[in-house]
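This report concerns only the one structure given below.
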Amino acid sequence: AEENTLTIEDGTATNAIGAKTKAGRAYKNKSILLGGSVTNNLVGAESASGAAEENTAVVTGGTALHAMGAHTTLAGDATENHAVISGGTVTGSLKGAQSAGKAAKNTVEVKGGNLSGASVMGAEAVGDAEKNSVTITVTPTSNAVTIITGAHSTGGSAVNNTVDVNAAVTGKIIGGSTDSAGLDAIDNIVNVKADVTGDVYGGHAVRASLRNIVNIADGVTVTGHVYG
């Protein structure tokens, strides 16, 4: 499935998916929410067991429960997918990718909108999560997010993920995290260049956090605890 686009201007849909494939590659597909309501998932592309690459979800208006650039549901890696919000509302989660395999180089950009109560992740993966990122460029109109993380892995390592805070935000911020008892959070970075209300972690792991970094710019206030 390649280069398909879904645009929603009004009305209601349960799920809105730019393209869907059972076992093939999902490549350069896009979902755009301009208005209306998506009561479950807005997804750039979904693949059951193939790779998902360079897909995008864009929210400029309307409301979605979850928005993600790509979703691999049974197997397959997610690479270079993107989610962007500049208006509208996401109430559940905003992710560059949700991967049943590995996730690499996926991104989220927050340029406004309403994210109250949502989680924001560059990627969430069952396998390793590497080089994913979240960038906050404009403070959301309602910005009390639950968590912002460059990437989270449920069964692999979290390596070289990044969160860049360039506009004020509220919520827990983590460069990269893993739930795996046998793997680590390594070389993740949080760059704080605007005020944060919440705790900030370079990395978070069950076993070991190694060489994670939090950089806080001069004059910035973090109302919470900071952990490398």
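Heads up: numbering here begins at 1 and tracks the sequence.
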Presence of salt bridge, K102 and E130, under 4.0 angstrom: no
Backbone N/O of V206 and side chain of T178: donor-acceptor pair under 3.5 Å: no
Flag, side chain of S31 to backbone of G18, donor-acceptor distance under 3.5 Å: yes
Heavy-atom closest contact (S99 atom, G76 atom, distance): OG-O, 3.3 Å
Non-hydrogen side-chain atoms of V108 and M121 separated by less than 4.5 Å: no
Pair T162-N191, side-chain contact (heavy atoms from CB on, under 4.5 Å): steps then yes or no: CA-CA 8 Å; T162 305; N191 296 309; 4.1 Å; yes
CA sep, side-chain torsions, deciding dist, call: V110, L94, side-chain contact (heavy atoms from CB on, under 4.5 Å): CA-CA 9 Å; V110 177; L94 178 68; 4.3 Å; yes
Any donor-acceptor pair under 3.5 Å from N106 side chain to N81 backbone: yes
Pairwise side-chain contact, R25 with E2, heavy-atom cut-off 4.5 Å (strictly under): yes
Side-chain touch V159/D128, heavy atoms, less than 4.5 angstrom: no
Sidechain-backbone polar pair: D184 side chain, L210 backbone, donor-acceptor under 3.5 Å: no
Nearest heavy atoms of A151 and N132, plus distance in Å: CB-ND2, 3.6 Å
Charged N-O contact under 4.0 Å between K105 and E80: no
Cluster link V220 to V200, ILVMFWY, side chain under 4.5 Å: yes
I189 reachable from I216 in the ILVMFWY side-chain graph, under 4.5 Å edges: no
Under 3.5 Å donor-acceptor, N40 side chain and N15 backbone: no
CG on L42 to CE on M68, rounded to 0.5 Å: 8.5 Å
Non-hydrogen atoms of A158 and G176 that approach each other most closely: CB-C, 4.0 Å
Minimum heavy-atom distance A205-A185, with the two atoms named: CB-N, 3.8 Å
Side chain D195, main chain T221, donor-acceptor under 3.5 Å: yes
Side chain S133, main chain G150, donor-acceptor under 3.5 Å: no
Test item: I174 and V163 side chains (from C-beta on) under 4.5 Å apart, heavy atoms: no
Smallest separation among heavy atoms of S93 and A118, with atom names: N-CB, 4.3 Å
Main-chain N/O of A129 paired with S153 side-chain donor or acceptor, under 3.5 Å: no
side-chain contact (heavy atoms from CB on, under 4.5 Å) assessment of D164 paired with K193: CA-CA 8 Å; D164 289 311; K193 298 180 181 179; 5.7 Å; no
Side-chain heavy-atom pair T149, N161 within 4.5 angstrom cut-off: no
Distance in Å, I213 CD1 paired with D187 CG, rounded so as to fall on 0.5 Å steps: 7.0 Å
Inter-residue atom distance K172.NZ - T146.OG1, 0.5 Å rounding: 9.5 Å
pair L6-I17: side-chain heavy atoms closer than 4.5 Å: no
Cluster check V190, V222: I/L/V/M/F/W/Y, side chain < 4.5 angstrom: yes
Donor on one side chain, acceptor on other, H152 and D179, under 3.5 Å: yes
Single-linkage hydrophobic cluster, 4.5 Å side-chain cutoff, V84 and V38 together: no
Heavy-atom pair with the smallest gap, counting every atom of E9 and L34: CG-CD1, 3.8 Å
Worked verdict on V196 versus V169 for side-chain contact (heavy atoms from CB on, under 4.5 Å): CA-CA 5 Å; V196 172; V169 71; 4.3 Å; yes
Pairwise distance NZ(K20) to OG(S47) - rounded to 0.5 angstrom: 10.5 Å
Parallel, tilted or perpendicular: ring planes of Y201 versus H204, cut at 30 and 60 degrees: perpendicular
Single-linkage hydrophobic cluster, 4.5 Å side-chain cutoff, V120 and V43 together: no
Within-4.5 Å side-chain heavy-atom neighbours: T107 and T135: no
Heavy-atom check, side chain of V134 versus side chain of I136, under 4.5 Å: yes
Heavy-atom donor-acceptor pair, H66 side chain to G92 backbone, under 3.5 Å: no
Interatomic distance, L33 atom CG to I85 atom CD1 [nearest 0.5 angstrom]: 9.0 Å
CD on E3 to NZ on K28, rounded to 0.5 Å: 6.0 Å
H82 side chain to T56 side chain, donor-acceptor N/O pair below 3.5 angstrom: no
Side-chain donor/acceptor of N29 to backbone N/O of N4, under 3.5 Å: yes
